[in-house]
Amino acid sequence: MKKRLFTPGPTPVPENVMLRMAAPIIHHRNPEFMEILTRVHEDLKYLFRTTQPVVVLSCSGTGGMEATISSLFKQGDKVITVNAGKFGERWGELVRIFTGNCVEEKVAWGSAIQSERLAELLKEHPDAKGVCLTHSETSTGTAADIQTLSALIREQSDALVLVDGITAVGAHEFHFDDWGVDICITGSQKGLMMPPGLALVAVSERAQDIIKRQSMTQYYLSLKHALKAHAGDDTPFTPAVSLVIGLDEALQMIKAEGIEHIWKRHESLADACRQGCHALGMKLFSNSPSFAVTPVWLPEGVKWAAFNKALKNSNGITVAAGQDDYKDKIFRISHLGFYDELDMLTVIGGIERALKEINFPFEIGAGVSAVQKAFLGN
Ligand SMILES: *Cc1c(COP(=O)(O)O)cnc(C)c1O
């Protein structure tokens with residue numbers, strides 16, 4: 001049986017990326033590797049829409065978040081974090097460890113923070129040194145309007161705008177420079193179509209100035225070290241050589257398709273996925289859906305364990321479970337990274353087969369038909 005991965009990280013890795021990484025290892029001080037790293041640094045600027053440095057850290061996405069908080073802030077610094085799900089919650093946990101002064105704003109799962117509420121928070125906390133946002137909250141499949149929120153923060157305060165873009169970069173329109181963002185992070189195993197192991201962090205000029213002045217609280221996950229090495233197209237420690245080489249290949253694919261086209265493709269795949277689920281009588285979870293992952297309520301009477309087993313064992317399909325309070329209530333279908341229109345027919349078709357296996361009543365072909373119509377027109 002073919003294995004078909006529809007999870008929001010890890011995501012499927014294209015064959016040419018895997019083949020590049022299978023070549024014999026080279027030394028990271030070789031001119032051959034230096035050339036690759038220099039090109040990766042350049043192409044990451046294209047991805048993030050920035051002229052500022054984007055550093056490559058050898059860790060998963062969370063390492064990029066930790067490096068951000070520990071490099072920018074010191075004990076006592078007040079930082080506002082928005083917790084609209086598991087990953088927004090993580091921002092708060094990091095801030096509490098490194099500064100001990102976190103203003104955490106909880107937002108109901110499935111919703112994004114509204115600008116009116118953020119404006120109130122900024123007014124209440126004029127001394128905030130940063131605001132931590134999540135562009136695409138993966139646990140709830142919900143997208144926030146980073147362009148509007150960032151403009152608001154810039155207008156009302158001097159706080160840095162920190163964006164977890166881990167499932168948004170490469171799925172949602174994003175302009176690091178034009179939107180006035182100070183930090184944006186992504187991870188290799190998400191929109192970049194790579195195995196896990198790299199965090200990519202874009203750093204604004206304003207953030208670079210602060211990092212330079214800050215005394216270090218971390219040695220390895222330090223943006224100060226990383227930025228200094230980046231200036232010479234180098235890394236402070238041995239980089240994950242094979243992953244950087246794979247990233248070079250993935251970035252060539254991204255450039256060949258074009259970033260605007262990639263954003264549109266994700267929007268269209270997400271739309272078709274939602275229509276397919278809707279046609280099967282399933283309710284959508286988010287009121288501001290992400291283009292990376294579609295969260296769906298499990299229909300009345302459908303148990304996650306039985307549904308997941310039918311999907312996996314009979315169809316080779318892995319989707320993601322709900323998290324925390326929504327563990328047995330929702331499931332999440334990813335279309336982030338290396339996916340096309342036929343993949344959406346596959347996953348909705350697989351869901352139909354699983355529903356049939358567990359005797360859930362629905363009209364056979366309704367979901368697949370809705371996906372076809374979404375792409376081909378009615
Ligand atoms: C996956 C993810 C993370 C965590 O990344 P790891 O690579 O698992 O450390 C953080 N934020 C969001 C929005 C994510 O989707």
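As the structure lists them, so they are numbered: ligands from 1, and atoms in each ligand from 1. Computed from a predicted structure; not experimentally measured.
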Backbone or side-chain N or O of Gly61 under 3.5 Å from ligand 1 N or O: yes
Atom indices of ligand 1 within 4.0 angstrom of Lys190 heavy atoms, with elements: 1 (C), 2 (C), 3 (C), 14 (C), 15 (O)
His335 (side chain) donor-acceptor with His266 (main chain) under 3.5 angstrom: no
Atoms in ligand 1 with a heavy atom of Ser60 nearer than 4.0 Å: 6 (P), 7 (O), 9 (O)
Ring geometry between Phe48 and Phe176 (parallel below 30°, tilted from 30 to 60°, perpendicular above 60°): perpendicular
Donor-acceptor contact present, side-chain Thr235 to main-chain Phe237, <3.5 Å: yes
Atom 3 (C) of ligand 1 - nearest protein heavy atom and its distance: Phe87 CE2, 3.3 Å
Ligand-residue contact atoms, ligand 1 with Ser136, heavy atoms, under 4.0 Å: 13 (C)
Contact with ligand 1 for Arg90, non-hydrogen, under 4.0 angstrom: yes
Residue selection (non-hydrogen contact nearest atom 13 (C) of ligand 1) among Thr140, Thr138, Leu336, Thr186: Thr138
Phe285 reachable from Phe360 in the ILVMFWY side-chain graph, under 4.5 Å edges: no
Atom NZ of Lys228: over 12 foreign heavy atoms under 6.0 Å: no
For Thr62, atoms of ligand 1 separated by under 4.0 Å from a heavy atom: 4 (C), 5 (O), 6 (P), 9 (O)
Heavy-atom neighbours of Glu260 CD exceed 12 at 6.0 Å: yes
Contact partition for Glu137 relative to ligand 1, non-hydrogen atoms under 4.0 Å: neither
Asp164, any N or O under 3.5 Å of ligand 1 N or O: yes
Lys106: partners by salt bridge (Lys or Arg N to Asp or Glu O under 4.0 Å), with sequence neighbours left out: none
Cation-aromatic face contact Arg49/Tyr46, 6.0 Å, 45 degrees: yes
Shortest protein heavy-atom distance from atom 7 (O) of ligand 1, along with the residue and atom involved: Gln189 NE2, 2.7 Å
